[in-house]
*Asks:* 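First the structure, which I've put down as structure tokens, then a few questions once you've had a look.
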There are 2 protein chains.
Amino acid sequence: MPAPDTSSAAHLIAACGGRVTRTRIAVLEILQDSPRSLNHDDVAARLAADGMPHDRVTLYRTLDWLVEQGLAHRIIGPDRARRFKAGGEPRSQHAHFHCDRCGHVLCLESIRPDEQFTLPAGYQPERAELVFHGTCADCGRQRGAKV
Amino acid sequence: MPAPDTSSAAHLIAACGGRVTRTRIAVLEILQDSPRSLNHDDVAARLAADGMPHDRVTLYRTLDWLVEQGLAHRIIGPDRARRFKAGGEPRSQHAHFHCDRCGHVLCLESIRPDEQFTLPAGYQPERAELVFHGTCADCGRQRGAKV
DNA sequence: ACGGTTAATGCTACAATGTTGCATTAACCG
DNA sequence: CGGTTAATGCAACATTGTAGCATTAACCGT
Ligand SMILES: [Mn+2]
Ligand SMILES: [Mn+2]
Ligand SMILES: [Zn+2]
Ligand SMILES: [Zn+2]
């Protein structure tokens, strides 16, 4: 009997009290395996590659559920499409970087927008979203290459 | 002959080299008259109130054109709908505040997200978007009122 | 003021993204 | 293993935004 991996997808899902289904496990593992955030199409493509059956609506609901449970977090890109990444935002709000060249959205865990600004009187902020736009490190290296 | 008001909507539009049409004038004046940002439906409703004929697509193109010309700026809310406000972003990127209670999006001209953070090596940011979420000053005053 | 040129508009159809309702399946529990 | 019900699959719909193309009207020169 292997030691129980308390950080495995199935284990995390079970800890939320929800049912541990093939779809939830597969989707969460896909998010965990990806260094960058993924939109619905990205996840669907990976599910298909794994030979997993998948319904468009179920995927929406699964991703929303993972966010609700704090197992993933979501950010809305300038293409008005949601992108997802494993790991919640317990109290650690972090900035994101949207590369205009390759379209990828990366997490900048080191940058915390909260507690950095003082708002005008009366405003009661609960969270802050900070998104940079420009050229990512990868695309900056091979400059001129039109990804 | 009245002194030429160089900040009037018609004058600003003419200065861009584009044709000065009823729609462009009306839309820009609507944006100029509003203290908060407006989405397409907001603008359409005001056009209708003014008895102006308006087509959905024309409104999209008009607003996009105003942004292109630097006469308005756009921000994408968490409801993935674009909101517009008069005035461009010449070099003055400013933060925005999205009220979770009333849904309004306000400009925080005093807060400039750029030149505030140092990104990891390799990243080349060109602009930064900073959006706070919470309760706005108006909604904070009449707390408990469920707008 | 008039007519020609063409940018801007109106209209239709379409695309992308996300939601709702409901019947069916399968995860869990005893 | 069988019953309960959360999760899924499916179809239809909603919202937001685009593309193509015929028509209108803003502008310019006369
Ligand atoms: Mn992130
Ligand atoms: Mn603004
Ligand atoms: Zn890139
Ligand atoms: Zn408010």
Side-chain angles (χ1 to χ4, degrees), chain A residues 8-30 37-45 47-48 50-69 71-72 74-84 98 103 105, chain B residues 8-30 37-45 47-48 50-69 71-72 74-84 98 103 105:
Chain A
S8 77
H11 202 99
L12 287 170
I13 291 166
C16 292
R19 291 187 180 174
V20 183
T21 68
R22 284 202 319 152
T23 302
R24 285 180 177 168
I25 296 173
V27 170
L28 182 50
E29 285 179 343
I30 285 170
S37 60
L38 305 175
N39 61 22
H40 274 81
D41 276 346
D42 295 330
V43 178
L47 280 176
D50 295 354
M52 283 276 307
H54 58 285
D55 173 71
R56 228 167 54 87
V57 178
T58 299
L59 183 49
Y60 274 106
R61 290 196 273 230
T62 300
L63 286 166
D64 287 346
W65 185 86
L66 291 175
V67 171
E68 275 173 29
Q69 303 304 318
L71 297 180
R74 162 175 48 197
I75 104 166
I76 299 185
D79 53 352
R80 78 183 223 287
R82 303 172 179 170
R83 291 168 178 275
F84 298 83
H98 180 103
V105 176
Chain B
S8 76
H11 202 99
L12 288 170
I13 290 166
C16 292
R19 291 188 180 174
V20 183
T21 68
R22 284 200 321 150
T23 303
R24 284 180 178 169
I25 296 174
V27 170
L28 182 52
E29 286 179 343
I30 285 171
S37 59
L38 304 175
N39 62 22
H40 273 80
D41 276 347
D42 294 332
V43 178
L47 280 177
D50 295 354
M52 283 276 306
H54 58 284
D55 172 71
R56 227 166 55 85
V57 177
T58 299
L59 182 49
Y60 274 104
R61 291 196 273 230
T62 300
L63 286 166
D64 287 346
W65 185 85
L66 291 174
V67 171
E68 275 173 29
Q69 303 304 318
L71 297 180
R74 162 173 47 196
I75 104 168
I76 300 186
D79 53 352
R80 78 184 225 288
R82 303 172 180 170
R83 289 166 179 278
F84 298 83
H98 180 104
V105 176

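This one's a predicted model, so the numbers in the text were calculated from it and none came from an experiment. Lettering of chains follows the sequences in order, A, B, ..., and the numbering in each one begins at 1.
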*Asks:* Hey, is the main chain of B:Asp41 close enough, under 3.5 Å, to the side chain of B:Asn39 for a donor-acceptor pair?
*Replies:*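 Indeed, once roles are kept as given, a pair shorter than 3.5 Å links the two residues.
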
*Asks:* Please report the distance, rounded to the nearest Å, between CG in A:Leu59 and P in D:dC10.
*Replies:* 14 Å

*Asks:* When the distance from CG of B:Asp64 to P of D:dG17 is rounded to whole Å, what number comes out?
*Replies:* 9 Å

*Asks:* To the nearest Å, give me how far apart CD1 (B:Ile76) and C1' (D:dT16) are.
*Replies:* 11 Å

*Asks:* Counting only side-chain nitrogens and oxygens, does B:Arg82 get under 4.0 Å of the OP1 or OP2 atom of D:dT18?
*Replies:*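 Indeed, a polar side-chain atom of B:Arg82 lies that close.
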
*Asks:* Mind listing the closest non-hydrogen atom pair of B:Ser37 and B:Val105 along with its distance?
*Replies:* OG-O, 2.9 Å

*Asks:* Restricting to non-hydrogen atoms, name the atom on B:Gly103 and the atom on B:His98 that form the minimum distance, rounded to 0.1 Å.
*Replies:* O-CE1, 3.9 Å

*Asks:* Do the side chain of B:Arg56 and the base of D:dG17 come within less than 3.5 angstrom through a donor-acceptor pair of N or O atoms?
*Replies:* yes

*Asks:* OP1 or OP2 of C:dT17 less than 4.0 angstrom from a side-chain nitrogen or oxygen of A:His40, does that happen here?
*Replies:* no

*Asks:* Is there a side-chain contact between B:Asp42 and B:Arg83 (heavy atoms, below 4.5 Å)?
*Replies:*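 Yes, close enough: below the 4.5 Å cut-off.
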
*Asks:* Searching all strands shown, indicate the nucleotide that pairs with C:dC29 (Watson-Crick or G-U wobble; both distances under 3.5 Å).
*Replies:*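 Answer to the pairing question: D:dG2, which forms a Watson-Crick or G-U pair with C:dC29.
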
*Asks:* Is there a side-chain contact between A:Phe84 and A:Ile30 in this structure, where contact means two heavy atoms from C-beta onward sitting under 4.5 Å apart?
*Replies:* no

*Asks:* Between D:dG17 atom P and B:Arg74 atom CZ, what is the distance in whole Å?
*Replies:* 9 Å

*Asks:* Side-chain N or O of A:Thr62 versus OP1/OP2 of D:dA7: is the shortest distance under 4.0 Å?
*Replies:*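 No, no such contact exists.
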
*Asks:* Figure out the OH/P separation between A:Tyr60 and C:dA16, and round it to whole Å.
*Replies:* 12 Å

*Asks:* Strictly below 4.0 Å, heavy-atom distances to any atom of DNA chain D: list the hits from residues 14-25 of chain B, or just say none.
*Replies:* B:Arg19, B:Val20, B:Thr21

*Asks:* From the list D:dC10, D:dT16, C:dT12, which nucleotide is the closest neighbour of the side chain of B:Asp41?
*Replies:*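 Among the listed nucleotides, the one closest to the side chain of B:Asp41 is D:dT16.
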
*Asks:* Taking atom P of D:dT8 as reference, at what distance in whole Å does atom CE of A:Met52 sit?
*Replies:*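 Taking atom P of D:dT8 as the reference, CE of A:Met52 is at 9 Å.
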
*Asks:* Please report the distance, rounded to the nearest Å, between CZ in A:Phe84 and P in C:dT17.
*Replies:*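 In whole Å, C:dT17 P and A:Phe84 CZ are 12 Å from each other.
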
*Asks:* Do B:Thr58 and B:His54 make a side-chain contact, defined as non-hydrogen atoms from C-beta onward lying under 4.5 Å apart?
*Replies:* no

*Asks:* For B:Arg80 and for B:Arg61, find the nucleotide of DNA chain C with the closest heavy atom, then tell me which residue's nucleotide is more 5'.
*Replies:*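 Per heavy-atom nearest nucleotide, the more 5' residue is B:Arg61.
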
*Asks:* Hey, is the side chain of B:Thr58 poking within less than 4.0 Å of OP1 or OP2 on C:dA8, counting only N and O atoms?
*Replies:* no

*Asks:* Please determine whether a side-chain nitrogen of the Lys or Arg among A:Arg82 and A:Asp64 lies less than 4.0 Å from a carboxylate oxygen of the Asp or Glu.
*Replies:* yes

*Asks:* What's the CG-P distance between A:Leu63 and C:dT17, to the nearest Å?
*Replies:*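 Those two atoms, CG and P, are 14 Å apart.
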
